[in-house]
Each structure stands twice: as C-alpha cells, then as structure tokens.
Amino acid sequence: MLNIERVGPATVPAGADQAMIPMRDGVRLAADVYRAASPSPGPAVLIRLPYDKDGAYCFMPLIGRYFAARGYTAVVQDVRGKYRSEGATEFAVHEVDDGHDTLQWVAERSWCNGDVVMWGDSYYGYTAIAAAMSGHPALRAIAPRVTGSQLSTVLDYGDGTRDVEQTSRKMYFATHYVDAGRYEWEPDWTRRPLRAAFDDFFDRIGKRSANFDAEFSGASRFVPPPVKALLESRPVPALYTIGWFDNCAIWSWHDVRALSRHPGWASHLRLRLEAIDHENYRLRDAPVAPSDDHAADPAALERMLPGYLDPAIEFFDAVLGGSVDALSRVRYEICHGEWREGEAWPPRDAPGCEYFLTPEGLAAEPPPEPSTVAWTHDPSDPVPSQGANPFAALFDRADLSAVGDRGDVLRFTGPACAEDTDLLGAVTVALAVAAPAGAHVHARLLDVEPGGAAFLIAKGQLRLDAPRDTAVLDLQHVAYRLRAGHRLALDVMSGDFPEYVPEAPAGADPWASAPGAPATRRLALGGPDPSRLRIGGR
C-alpha cells in the first residue's frame with residue numbers, strides 16, 4: 001500500500017510581515033519579513049527556498065528571528081510556484097532573474113540601507129549562488145551551505161567518464177516539484193523498471209511532475225546555469241560551507257575548485273568544512289539520539305542554531321564592516337579531532353600518502369608481481385547504499401563491515417595505525433580496471449575499528465561512456481583522524497543502490513529498462529601503472 005501525504009503551507013507566524021513581491025513578468029512571490037529592532041535602516045538577509053517559508057522542516061521562523069535579533073532584517077521567500085508564491089512550479093529555471101528582482105525590492109525598502117546578503121542550505125543555498133549570477137549591485141555577500149551551482153546534475157568530466165546519477169534528483173521532482181506543496185511518500189526501490197513506482201505514484205495523485213517528465217524527453221529546461229555563469233558574474237565575498245558527509249558535496253567541491261582558480265573570485269572565497277551531513281547532523285552525535293535530533297526535539301534545535309548561523313553572521317558582519325580580510329580563509333573540522341584555521345585548502349604543509357592495492361590489502365609498496373582480482377556485478381542485486389536516507393548519513397551511521405563479505409565487493413584493508421594520523425586533502429583512487437561502456441565503478445574509503453566495525457570516510461563513483469582499461473575516481477576531500485589501532489580500507493564495486501542508479505544494459509536508460517545480466521570486472525594489481533589510493537599532498 002502506497003502511503004502519500006500532501007503538505008501545504010503552514011500558518012504564517014506571528015511577528016512576520018507578509019509581502020507579495022512582484023517579478024519582472026508580473027508573477028508575485030510571497031515573503032515573510034522579520035524586522036530588525038533598530039529604527040534606522042540596516043542590512044537585510046534574503047533567504048529564498050522551495051520548502052515553505054513557514055513550515056517546520058526548515059524552521060525559517062526561528063532563523064528569521066535569529067537574524068533579526070542580530071541586526072539583520074530577514075526576508076524569507078517562497079520561490080516561484082511553491083506554497084504561497086504564484087507562477088509555475090519549475091526547478092532552477094527562474095532563480096537568477098527572480099533573485100535579482102527580489103534583491104531590488106529588498107534594497108528599495110525604507111528599513112534597508114541598500115546592503116543585502118544571502119544565506120541558505122541546499123536549494124536555498126543554490127538560490128543565493130543564482131542571485132550572485134544576476135550581478136545585482138545590492139548583493140554584498142553570500143553564504144551557501146551544502147550546495148553548489150550545479151546542484152542535482154550529473155557532472156561530465158570531459159574524458160569519457162561522468163558521475164553516476166543520484167536517484168535523489170528524480171525523487172526530488174516527485175516530492176517537491178509536482179505542484180505548490182510537497183508529497184511525502186516512499187517508492188518501492190525493488191520495482192523494475194525504476195520509474196514504474198513513480199508512474200504509480202503519479203497515477204495515485206492524479207497529476208504528474210513536469211520536472212520529472214522532462215528528464216525523459218531529452219530537452220529538459222530544469223538544469224541550473226553552468227558554473228561558467230557564476231565565474232563570469234561580478235565576484236562577491238562567498239563563504240561556502242561543505243559537509244564531510246554531505247551527499248551533495250560533489251557540487252560544492254565542483255564550485256570551489258573553479259572559484260579557487262579564477263583570478264576574480266579566488267580572493268573573495270572563504271571555506272568552512274564541517275563534520276556534518278546534508279541535514280546538519282554531526283559526526284560527534286552519530287548515531288543521533290532522540291535528545292540530539294534537531295528535526296524532532298525543539299531543545300536540540302535551539303542548541304543547534306548558534307553553530308548553524310553564527311559563522312555566516314560573523315562573515316556578513318566582517319564583509320559589511322570592512323574587516324573580512326581579518327578572517328581566516330579556511331576553517332576546517334577534523335573528523336574525530338579539533339577545529340583548525342588556515343590560509344589555504346588543503347593546508348600547505350599537509351603530508352600526502354599513497355597506498356597500493358595488493359592481494360593482501362593496502363600496502364605502502366606495490367606488489368612485487370602483477371596479478372588480477374575480479375568481482376561479478378549483478379544489476380538485479382546491487383551493493384546496498386550505506387543507510388536509509390543519503391541526506392542524513394550520520395543520523396543512523398551505518399556499519400559497513402558486512403558489505404566487505406559480499407562476492408561483488410573487493411575490500412582492501414591496510415595495517416593498523418601505530419598512532420593517531422590525520423588525513424588531509426584530496427582523495428583519488430586510480431584503478432587498472434577493464435570495463436565496458438556503461439559500466440559503473442564505485443569506491444568507498446573506510447575507517448575500520450579495532451573491533452571490526454567499518455564506517456565511511458569518503459566515496460566516489462564513475463560511469464564509463466566508452467570501454468576503458470583505467471578509471472580514476474575522485475573521492476573529493478577529507479580531514480579525518482585515523483585513530484591509533486584503526487585501519488584504512490578501500491571497497492571497489494559496481495553498485496551503491498538506491499542512492500545511485502544501477503547499471504543498465506548498454507545504451508539503455510536505467511530508469512526505463514530491466515536490469516542487465518551479471519558481468520565480471522577484472523582489476524589489475526601491480527605492473528607498470530599499479531592500482532593505488534592517494535590522500536592529500538599538493
């Protein structure tokens with residue numbers, strides 16, 4: 001039985017002034033205004049989101065009041081087509097122009113001194129980036145968290161490989177982008193083809209998502225502008241917050257790498273790297289007890305807010321006060337360790353390390369003789385993802401020790417650490433793997449505890465667009481303390497479902513096809529270009 005709940009707008013809270021803000025095409029977008037106490041005009045913070053400005057999920061009334069108490073009039077707006085706003089429900093189509101027009105409206109209010117900043121998580125962090133693309137002169141700074149300019153897209157690396165598609169994009173369209181509200185439901189991921197469960201859902205509610213259907217038409221309008229549009233816009237101070245366990249971090253790092261190389265943007269960029277997942281659960285609390293669950297316990301939410309909002313307020317205060325150069329360019333949290341500051345990421349003095357994949361596991365030297373190992377991937381029974389909700393990976397942080405016992409997973413385990421060892425910087429895995437076009441290659445870097453439990457540190461994945469003999473996987477970046485007695489391990493496989501789509505037969509759409517036949521993949525160890533894991537270094 002498919003359980004479906006449609007959620008509409010919550011009651012506008014007391015203390016919020018309502019406004020309908022006109023866009024250039026006459027569509028009006030609903031906003032709540034939380035006025036700062038000062039009688040004089042002052043700065044404003046703009047937050048534009050598709051999740052209901054008055055709902056419990058994003059606790060915007062608390063956030064609006066928090067900013068207002070610290071001198072920022074907060075304007076919280078439902079984006080076009082969502083909740084109380086007018087217009088069509090279209091993902092990422094209008095955010096540049098609507099951001100510009102909303103900035104213009106805010107800057108012209110009598111309570112605003114003309115300085116506007118923007119803050120937000122995920123899609124409402126993306127809207128801050130999109131507004132920066134508009135080049136509006138009133139926008140003085142942005143502080144996007146757990147997001148990026150290419151949010152939800154499949155990154156193409158330009159070398160015949162691309163990222164494996166996350167199922168969350170189409171699920172998102174069938175949850176948040178059907179109409180002005182949202183739908184709470186859970187698909188049956190065992191159904192094949194994958195889209196069958198979604199078609200049943202649309203039949204049940206009697207309507208479809210134009211955003212979802214456009215994914216299969218080959219001419220979707222629902223794609224964010226390229227990062228090139230951000231690079232070509234007027235640079236503004238930007239504080240990017242990235243979560244070490246965020247399933248959307250791939251898009252954060254994509255932006256940061258591009259901005260760091262750009263002569264105009266690089267000097268404006270600040271980084272905050274935290275041991276959090278997408279829903280802002282913290283590693284130190286994992287697995288999360290009910291008393292620490294900010295989504296369910298009001299006291300936990302109150303405790304969370306200072307660490308959640310104060311870094312952005314400090315950044316905004318420094319930008320508007322002319323002292324931003326005094327702030328460190330990078331603040332990062334070492335998992336199972338302390339916070340540090342620096343002027344570059346990765347730290348200039350961070351040592352690099354390299355491990356080779358051998359028949360015995362991970363080793364400091366390549367194997368003396370070349371050899372081959374293999375795994376057989378069955379798309380009908382892919383390797384399971386690490387937990388129930390990829391956006392809340394730390395809520396019920398999964399022990400992945402048993403995954404290494406599967407026949408379709410190669411696990412390479414290193415020696416126990418004699419002392420605490422900090423792993424800092426980029427992580428790449430180079431594999432001498434023979435795989436056909438359409439094959440998926442996944443890798444997970446694990447922390448294996450003395451008792452045998454194994455927990456995720458980082459992961460990466462590739463889809464091969466043409467037959468290849470090698471694959472280089474980007475596991476992004478880490479700041480992780482491997483404690484004494486713990487071991488590194490690396491899993492190599494061809495699935496991570498349902499977080500990522502499973503492999504499909506050559507040329508087929510994984511959403512519309514039946515699973516393909518089992519396939520054996522071979523990985524070469526040793527030889528002239530041995531399979532290896534690299535962490536850190538510059």
Side-chain angles (χ1 to χ4, degrees), residues 118-133 141-158 163 166 224-278 280 311-312 315 319 324 327-335 339-348 350 423-428 457-460 473-480 534-538:
M118 292 186 69
W119 172 92
D121 281 14
S122 194
Y123 193 93
Y124 50 112
Y126 165 70
T127 59
I129 297 170
M133 294 180 189
I142 59 173
R145 304 177 80 259
V146 294
T147 192
S149 68
Q150 304 307 291
L151 187 65
S152 90
T153 65
V154 176
L155 297 180
D156 187 330
Y157 300 114
D163 194 43
Q166 295 187 26
V227 70
K228 184 173 181 284
L230 180 61
L231 298 176
E232 292 175 348
S233 63
R234 177 181 64 90
V236 297
L239 172 64
Y240 269 71
T241 296
I242 305 176
W244 293 128
F245 301 95
D246 177 22
N247 61 317
C248 296
I250 185 170
W251 299 298
S252 302
W253 286 112
H254 181 72
D255 278 11
V256 165
R257 286 165 174 160
L259 295 171
S260 297
R261 294 191 295 264
H262 189 274
W265 276 94
S267 63
H268 288 76
L269 181 64
R270 298 292 188 278
L271 297 182
R272 184 176 178 86
L273 312 174
E274 298 191 41
I276 56 173
D277 61 23
H278 195 76
N280 293 289
F315 175 67
V319 170
V324 69
L327 296 181
S328 297
R329 293 194 174 274
V330 182
R331 292 178 178 172
Y332 62 98
E333 182 180 9
I334 298 177
C335 298
W339 278 89
R340 293 181 183 172
E341 298 184 357
E343 293 305 305
W345 180 263
R348 301 189 190 283
L423 309 174
L424 304 172
V427 181
T428 56
I457 299 174
K459 64 182 178 181
L473 280 70
D474 175 12
L475 276 61
Q476 301 167 58
H477 288 251
V478 297
Y480 196 94
R534 288 176 174 158
I535 305 174
R538 296 188 68 88

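Considering only heavy atoms from C-beta on, Tyr126 stays 4.5 Å or farther from Ser152 through its side chain. Residues Pro144 and Tyr240 are in side-chain contact: their nearest non-hydrogen atoms beyond the backbone lie under 4.5 Å apart. Contact of the Leu259 side chain with the Leu231 side chain is registered, since non-hydrogen atoms from C-beta on lie closer than 4.5 Å. Using a 4.5 Å cut-off on side-chain heavy atoms (C-beta onward), Leu155 and Trp251 make contact. Looking at heavy atoms from C-beta onward, Val227 lies in side-chain contact with Ser149 at the 4.5 angstrom threshold. Residues Trp265 and Val236 have side chains in contact (heavy-atom distance under 4.5 Å, counting atoms from C-beta outward).
Among all heavy-atom pairs drawn from Asn280 and Arg145, the shortest one is OD1-NH1, 2.8 Å. Nearest approach of Ile142 to Ala128, heavy atoms of both residues: CG2-O, 3.7 Å. The shortest non-hydrogen separation linking His278 to Cys248 is CE1-SG, 3.5 Å. Between Met118 and Ala131 the shortest heavy-atom distance is SD-CB, 3.4 Å. Of all non-hydrogen atoms in Val478 and Ala458, the two that sit nearest each other are CG1-CB, 3.8 Å. Contact between Ile250 and Gln476 at its shortest, heavy atoms only, is N-OE1, 3.1 Å.
Atom CZ of Phe315 is separated from atom CG of Leu327 by 7.5 Å, given to the nearest 0.5 angstrom. Note: Lys228 NZ to His262 NE2 = 10.0 Å, rounded to the nearest 0.5 Å. Going from atom CD1 of Ile457 over to atom CG of Leu423 covers 6.5 Å, rounded to the nearest 0.5 Å. Distance CG/Leu271 to OG/Ser252: 10.0 Å, rounded to 0.5 Å. Note that the CG atom of Leu239 and the CZ atom of Arg270 stand 9.0 Å from one another [nearest 0.5 Å]. Rounding to the nearest 0.5 Å places CD1 of Ile242 at 10.5 Å from CD of Glu274.
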From CA spacing to verdict: side chain to side chain contact (heavy atoms under 4.5 Å, CB included), Tyr124, Thr147:
CA-CA 9 Å; Tyr124 50 112; Thr147 192; over 6 Å; no

Side chain to side chain contact (heavy atoms under 4.5 Å, CB included) between His254 and Thr153: does it pass, once the steps are laid out?
CA-CA 11 Å; His254 181 72; Thr153 65; over 6 Å; no

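Scored by the salt bridge (Lys or Arg N to Asp or Glu O under 4.0 Å) test, Arg331 finds Glu314, Glu341 as partners (sequence neighbours excluded). Residues satisfying the salt bridge (Lys or Arg N to Asp or Glu O under 4.0 Å) test with Asp163, not counting sequence neighbours, are none. Under the side chain to side chain donor-acceptor pair (under 3.5 Å) criterion, Tyr480 pairs with His336, Asp447, not counting sequence neighbours.
In this structure, the side chain of Ser233 engages the main chain of Leu230 through a donor-acceptor pair within 3.5 Å. Using modelled atom types, one side-chain atom of His268 and one backbone atom of Gly264 make a donor-acceptor pair closer than 3.5 Å.
Classified by interplanar angle (parallel below 30°, tilted 30° to 60°, perpendicular above 60°), the ring pair His477/Trp253 is parallel.
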